[in-house]
Amino acid sequence: MAKIALGCEPVVGLLTPSKKREYRVTNRLLEGKRPLYAVVFNFVDSRYFNVFATVGGNRVTVYQCLEGGVIAVLQSYIDEDKDESFYTLSWACNIDGTPFLVAGGINGIIRVIDAGNEKIHKSFVGHGDSINEIRTQALKPSLVVSASKDESVRLWNVHTGICILVFAGAGGHRNEVLSVDFHPSDMYRIASCGMDNTVKIWSMKEFWTYVEKSFTWTDLPSKFPTKYVQFPIFIASVHSNYVDCNRWLGDFILSKSVDNEIVLWEPKMKEQSPGEGSVDILQKYPVPECDIWFIKFSCDFHYKSAAIGNREGKIFVWELQSSPPVLIARLSHVQSKSPIRQTAMSFDGR
């Protein structure tokens, strides 16, 4: 397992806002009585960059940002199971470009909603427990990956409904997987993290033929030769508690635990021995009162900035690619001191 290398001290950002960008509240919507766990803008299709979706309880809602801060409700979906509680959703698309919404939660069933035709496209059953995060492969947006309480990560093809790969087993996570992310340019790589306090990097390179096969498969999805990937290529212990969010920043990784900060670090792999290596911690982005788990950060499309909430209803927007890190803005929910579980930045970060 990769340990933290000795050497340069990480650069820590200051909590004085630079006023580089002024954010103001333009709207407030109350959806219902149940908590909203996720909100996400559509980065997959340039026609819908101003469209975002939320999940709360058994409801998925789609909104559009209009001129002057107006928000229009476009669609709302209610799951047939009233006890479903969705925790996550991601935009994807069919191979013909139809926009899909992929949602999952406490039931462990993934619902693929065809937002173009306003109907359920498919339901994926496979996870043995609740689903904590779903992410889409930006370079191939028919591929999504899901992280689950069942200690596994699964790769799905939303077009054919096939579970292609399961990342679990001997070298897998030893507790709930809380977050997962595709590498932005290396199609074969994903990073996952969870309640075993580790971040694991996985490679699909030697299994890529199965990914390609999933697009042309004509038999039943259940007959597809799903492969188990048992060993990650890198395991890092950067945090000493649950790791509930990780995102790639180029070849570096941004991750957070319950320690009031987001950490930027570099995985340094040993080519000869998979799983081994060291970690170089580069920067830290402080987030006060962020000491409870299941609080996730989000970035704009070009990863220029990240926004994160805390348990007191405050939001911090950090410039990611400056050193030392610069706090762009510090915002607070006037009406509410409830924890902010997730933020969503628009394509351009405005």
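Scanning all heavy atoms of the two residues, the minimum distance from R59 to E31 falls at CD-OE1, 4.0 Å. Between P288 and L15 the shortest heavy-atom distance is CG-CD1, 3.6 Å. Considering every non-hydrogen atom in both D280 and K268, the closest pair reads OD2-NZ, 3.7 Å. The minimum heavy-atom distance linking L139 with P184 is given by the pair CD1-O, 3.7 Å. Contact between N246 and S192 at its shortest, heavy atoms only, is OD1-C, 3.2 Å. The minimum heavy-atom distance between G128 and D150, with the atom names listed, is N-OD2, 2.8 Å.
Residues I190 and Y188 fall within the same hydrophobic cluster, defined by Ile, Leu, Val, Met, Phe, Trp and Tyr side chains chained together at heavy-atom separations under 4.5 Å. One hydrophobic cluster holds both V229 and M187 under the rule that ILVMFWY side chains link at heavy-atom gaps under 4.5 Å. V112 and V55 fall into different hydrophobic clusters, where Ile, Leu, Val, Met, Phe, Trp and Tyr are joined by side-chain heavy atoms under 4.5 Å apart, directly or via other members. Under the 4.5 Å side-chain heavy-atom criterion for ILVMFWY residues, no single connected hydrophobic cluster contains both V158 and L143. Side-chain heavy atoms closer than 4.5 Å link hydrophobic residues (I, L, V, M, F, W, Y) into clusters, and following such links, even through other members, never connects V125 to I131.
Cation-pi contact between K296 and F294: present, with separation from the ring centre below 6.0 Å and deviation from the ring axis of at most 45°.
Two residues are said to be in side-chain contact when any heavy atoms from C-beta on lie closer than 4.5 Å; W248 and I253 meet this criterion. In this structure, the side chains of F86 and R111 come closer than 4.5 Å at one or more pairs of heavy atoms. Looking at heavy atoms from C-beta onward, I162 lies out of side-chain contact with Y210 at the 4.5 angstrom threshold. Annotation: side chain of K213 is in contact with side chain of F224 (closest heavy-atom distance under 4.5 Å). Side-chain contact between F234 and S203 is absent, with no heavy atoms from C-beta onward closer than 4.5 Å. The closest side-chain heavy-atom distance from V177 to S148 is not below 4.5 Å. Counting heavy atoms from C-beta outward, W91 and L101 have side chains that approach closer than 4.5 Å. The shortest side-chain heavy-atom distance between W217 and K223 falls under the 4.5 Å cut-off.
Checking each of K200, K270, M269 against I233 for a side-chain contact (heavy atoms from CB on, under 4.5 Å) leaves exactly one that passes, namely M269.
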ask   = salt bridge (charged side-chain N to carboxylate O under 4.0 Å, His left out) between E212 and K140: does it pass, once the steps are laid out?
value = CA-CA 11 Å; E212 287 168 345; K140 253 195 198 313; over 6 Å; no
message = Could you walk me through whether I164 and F207 satisfy the side-chain contact (heavy atoms from CB on, under 4.5 Å) test, starting with their C-alpha distance in whole Å, then the side-chain angles of each, then the deciding distance to 0.1 Å, before giving a yes or no?
response = CA-CA 9 Å; I164 310 165; F207 302 96; over 6 Å; no
query = Can you check side-chain contact (heavy atoms from CB on, under 4.5 Å) on I295 and K256, steps first, answer last?
reply = CA-CA 9 Å; I295 287 185; K256 74 160 279 286; 4.0 Å; yes
task = Determine, stepwise, if the pair D251 / H183 fulfils side-chain hydrogen bond (donor to acceptor under 3.5 Å, both in side chains).
result = CA-CA 8 Å; D251 288 329; H183 191 285; 2.7 Å; yes
request  = Carefully, step by step, assess E176 and D129 under the rule side-chain contact (heavy atoms from CB on, under 4.5 Å).
outcome  = CA-CA 9 Å; E176 288 198 40; D129 217 320; over 6 Å; no
message = Apply side-chain contact (heavy atoms from CB on, under 4.5 Å) to residues F215 and T160 and explain how you reach the verdict.
response = CA-CA 7 Å; F215 283 92; T160 52; 5.7 Å; no
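Taking a 6.0 Å sphere around CZ of R174, one finds it holds more than 12 heavy atoms contributed by other residues, nucleotides or ligands. Within a 6.0 Å sphere centred on OH of Y23, heavy atoms belonging to other residues, nucleotides or ligands number more than 12. Surrounding CD of E206 are at most 12 heavy atoms belonging to other residues, nucleotides or ligands under 6.0 Å away. Around atom NZ of K149, no more than 12 heavy atoms belonging to other residues, nucleotides or ligands sit under 6.0 Å away.
The distance from the CD atom of Q137 to the CG atom of D181 is 9.5 Å, given to the nearest 0.5 Å. Atom CG of L89 sits about 7.5 Å away from atom CD1 of I134, to the nearest 0.5 Å. Taking SG of C290 as the reference point, atom CD1 of I308 lies at 4.0 Å (rounded to 0.5 Å). Expressed to the nearest 0.5 Å, how far CD of E118 lies from CD1 of I113 amounts to 11.0 Å. Summarising the geometry, atom CG belonging to D114 is positioned 5.0 Å from atom CZ belonging to F100; distances are rounded to the nearest 0.5 Å. From L249, atom CG reaches atom CZ of R247 across 12.5 Å, with rounding to the nearest 0.5 Å.
For the pair D79 (side chain) and D81 (backbone), a donor-acceptor distance under 3.5 Å is present. With hydrogens and angles ignored, the 3.5 Å screen pairs a side-chain donor or acceptor of Y285 with a backbone N or O of L320. In this structure, Q283 contributes its side chain and L264 its backbone to no donor-acceptor pair below 3.5 Å. Formation of a donor-acceptor pair under 3.5 Å by the S90 side chain with backbone atoms of V102 is not found in this model. Side chain of N94 to main chain of D96: no donor-acceptor pair is present (N/O by atom type, distance under 3.5 Å, no hydrogens or angles). The backbone N or O of G126 lies less than 3.5 Å from a partner atom in the side chain of R154, making a donor-acceptor pair. Proximity of a side-chain donor or acceptor of T226 to a complementary backbone N or O of C163 within less than 3.5 Å is detected. Without hydrogens or angle criteria, H173 side chain to N175 main chain gives no donor-acceptor distance under 3.5 Å. Remark: side-chain polar atoms of T343 are paired, donor with acceptor, to backbone N or O of A307 under 3.5 angstrom. Using modelled atom types, no side-chain atom of N42 and backbone atom of V51 make a donor-acceptor pair closer than 3.5 Å.
Aromatic ring pairs are classed by plane angle as parallel below 30°, tilted from 30° to 60° and perpendicular above 60°; the pair F49 and F347 is parallel. Taking the six-membered ring for Trp and thresholds of 30 and 60 degrees, W156 and F124 have nearly parallel ring planes, at less than 30 degrees apart.
Counted by atom type alone, S179 and E133 present one or more donor-acceptor pairs between their side chains at under 3.5 Å.
A salt bridge is absent between R330 and E289: the closest approach of a Lys/Arg side-chain nitrogen to an acidic carboxylate oxygen does not fall below 4.0 angstrom. Looking at E319 and K20, a side-chain N of the basic residue comes within less than 4.0 Å of a carboxylate O on the acidic one, giving a salt bridge.
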